[in-house]
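One structure below.
Numbers restart at 1 for each chain; the letters A, B, ... are given by sequence-line order, proteins then strands.
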2 protein chains.
Amino acid sequence: MEDKFDALFKALGHRVRRQILDLIKDGPKTTGALCETLTELDRCTVMQHLSVLEKAGLVVVERRGRERWNHLDALPIHDVQKRWIGPYAAHAVGMLEELEALAKIDASPQETAEKSNA
Amino acid sequence: MEDKFDALFKALGHRVRRQILDLIKDGPKTTGALCETLTELDRCTVMQHLSVLEKAGLVVVERRGRERWNHLDALPIHDVQKRWIGPYAAHAVGMLEELEALAKIDASPQETAEKSNA
DNA sequence: CATTAATGTTATAAAAATATAACATGTCAA
DNA sequence: TTGACATGTTATATTTTTATAACATTAATG
């Protein structure tokens with residue numbers, strides 16, 4: 001289970017792979033089409049990145065004749081959201097609320113004067 | 001900007017670091033306390049992991065005397081949520097809804113008979 | 001102030017990720 | 001069927017990450 005999250009976060013941890021996800025978000029693309037966009041990279045490198053995404057379950061391959069169509073599967077990201085991001089994002093909101101509460105106290109310091117000058 | 005997401009996803013891409021985040025989620029801990037929990041790892045290794053988390057902005061260090069208190073800062077994860085996870089999780093929900101629609105069609109095939117037998 | 005405890009620093013070995021090259025396979029289309 | 005095209009496979013160089021060891025620093029405490 002933790003292996004799955006390892007693979008997912010590692011897959012998301014490279015800008016090229018995130019770029020690929022964005023490229024196939026609105027519909028599948030062939031490897032060739034992806035390479036045409038990612039001109040700065042060797043075709044083999046693009047295929048290796050696709051392989052990493054595939055192992056993480058983020059890309060599903062459909063073969064059509066001699067073409068390889070790379071589809072996005074966003075379901076694993078939903079799992080990441082549920083287990084890791086959601087709870088921590090909520091934690092972040094909690095932190096922000098604490099800061100806001102502190103700001104209000106600063107704005108009306110007379111209320112906390114007793115505590116401040118120890 | 002993409003560098004930030006690189007650092008964040010890479011920081012989250014190791015189970016030990018995710019474990020550390022869980023350990024300090026409900027309050028800061030000293031490096032020593034973390035090492036007592038992560039007994040299978042060398043202290044230096046734990047410190048390296050903390051350094052990765054710190055560079056990603058997920059851990060903020062407070063020094064008290066000779067102790068180092070590691071605080072969670074979940075705000076960067078909020079950014080990840082907004083830019084990467086939220087939109088893709090929504091995409092996943094969309095995929096699920098498409099699948100459900102297909103299931104309904106399967107359940108009442110007479111409604112789509114015209115399309116099916118071309 | 002000397003000792004111990006907690007942490008920091010530098011160096012290094014081992015493993016994994018990244019990028020590329022060279023060659024191989026399968027398939028479309030004239 | 002043959003040549004070109006899209007992709008696949010294997011090998012390898014480079015870089016980065018992970019894990020440790022050895023030594024250094026800083027602060028509490030008797």
Side-chain angles (χ1 to χ4, degrees), chain A residues 2-24 27-72 76, chain B residues 2-24 27-72 76:
Chain A
E2 284 303 301
D3 284 331
K4 190 182 84 176
F5 287 122
D6 268 13
L8 276 167
F9 280 120
K10 279 183 184 169
L12 291 168
H14 196 291
R15 75 190 63 190
V16 168
R17 290 194 288 262
R18 294 195 301 276
Q19 197 179 347
I20 290 175
L21 292 184
D22 274 348
L23 286 170
I24 63 176
K29 285 199 166 59
T30 66
T31 307
L34 291 172
C35 289
E36 278 174 27
T37 304
L38 305 165
T39 49
E40 73 280 8
L41 288 177
D42 190 273
R43 181 180 62 87
C44 298
T45 308
V46 174
M47 285 187 65
Q48 269 189 42
H49 282 305
L50 283 170
S51 160
V52 172
L53 289 166
E54 204 180 345
K55 276 170 194 154
L58 292 169
V59 162
V60 173
V61 171
E62 171 208 3
R63 244 160 270 266
R64 267 190 237 161
R66 63 182 165 184
E67 291 171 331
R68 170 194 161 117
W69 288 82
N70 303 280
H71 294 252
L72 170 67
Chain B
E2 284 301 302
D3 283 334
K4 192 182 84 177
F5 287 123
D6 268 13
L8 275 167
F9 281 120
K10 279 184 184 167
L12 291 168
H14 196 291
R15 75 190 61 189
V16 167
R17 291 194 287 264
R18 294 196 300 277
Q19 195 179 348
I20 289 174
L21 292 184
D22 274 348
L23 286 169
I24 63 177
K29 287 198 164 58
T30 66
T31 306
L34 290 174
C35 289
E36 280 173 27
T37 303
L38 305 166
T39 48
E40 71 282 8
L41 288 177
D42 191 274
R43 181 180 62 86
C44 298
T45 307
V46 173
M47 285 187 66
Q48 271 191 41
H49 282 304
L50 283 170
S51 161
V52 172
L53 288 166
E54 204 180 345
K55 276 170 193 154
L58 291 169
V59 161
V60 173
V61 170
E62 171 208 3
R63 246 161 270 266
R64 265 190 236 162
R66 64 181 165 183
E67 290 170 332
R68 169 195 162 117
W69 287 81
N70 303 281
H71 295 252
L72 170 67

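For the contact set between residues 4-20 of chain A and DNA chain D, defined by any heavy atom under 4.0 Å, there are no members.
Side-chain atoms of B:Gln48 stay outside donor-acceptor range of the base of C:dT9, with no qualifying N/O pair under 3.5 Å.
For C:dA19, the OP1/OP2 oxygens have a side-chain nitrogen or oxygen of A:His49 closer than 4.0 Å. Side-chain N/O atoms of B:Thr45 include one lying less than 4.0 angstrom from OP1 or OP2 on D:dT20. B:Thr31 has no side-chain polar atom (N or O) that falls below the 4.0 Å cut-off from OP1 or OP2 of C:dA6. Residue B:Arg63 has a polar side-chain atom (N or O) positioned under 4.0 Å from OP1 or OP2 of C:dG8. Put simply, B:Arg68 has no side-chain N or O that comes within less than 4.0 Å of OP1 or OP2 on C:dA6.
Side-chain contact between B:Leu12 and B:Leu21 is present, with heavy atoms from C-beta onward closer than 4.5 Å. Looking only at side-chain heavy atoms (C-beta outward), A:Leu50 and A:Val61 stay at 4.5 Å or farther from each other.
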Subject >> A:Asn70 vs A:Leu23, side chain to side chain contact (heavy atoms under 4.5 Å, CB included): CA-CA, chis, key distance, verdict >> reply: CA-CA 10 Å; A:Asn70 303 280; A:Leu23 286 170; over 6 Å; no
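A straight line from CG of B:Leu50 to P of D:dT17 spans 16 Å, rounded to a whole angstrom. Between B:Met47 atom CE and D:dT18 atom P there is a gap of 16 Å when expressed in whole angstrom units. Distance CG (A:Asn70) to P (D:dA6): 15 Å, rounded to an integer number of Å. Across the protein-nucleic acid pair, B:Leu41 atom CG and D:dA19 atom P stand 6 Å apart, rounded to whole Å. Atom P of nucleotide D:dT18 and atom CD of B:Glu40 are separated by 15 Å, given to the nearest angstrom. Between the CD atom of B:Glu54 and the P atom of C:dG8 there is a distance of 9 Å, given to the nearest Å.
Pairs engaging residues 30-49 of chain A under the salt bridge (charged side-chain N to carboxylate O under 4.0 Å, His left out) rule: none recorded [sequence neighbours left out]. The stretch residues 59-68 of chain A participates, sequence neighbours left out, in these salt bridge (charged side-chain N to carboxylate O under 4.0 Å, His left out) pairs: A:Glu54-A:Arg68, A:Glu62-A:Arg64. The side-chain hydrogen bond (donor to acceptor under 3.5 Å, both in side chains) pairs that include a residue from residues 8-18 of chain A are A:Arg15-B:Asp3, A:Arg15-B:Asp6, A:Arg17-A:His49, A:Arg18-B:Glu2, A:Arg18-B:Asp6, where partners are two or more places apart or lie in different chains.
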Restricting both atoms to N or O, compile the protein contacts to nucleotides 22-29 of chain D shorter than 3.5 Å, with distance only.
none

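A side chain to side chain contact (heavy atoms under 4.5 Å, CB included) with B:Val59 is found for exactly one of B:Ile24, B:Leu72, B:Val52, namely B:Ile24.
When the salt bridge (Lys or Arg N to Asp or Glu O under 4.0 Å) test is applied to A:Lys4, the partners found at least two apart in sequence or on another chain are A:Asp79.
Heavy atoms only, all atoms of each residue included: A:Ala56 and A:Leu8 are closest at O-CD2, 3.5 Å.
Nearest nucleotide to the side chain of B:Asp42, out of D:dT9, D:dA6, D:dT20: D:dT20.
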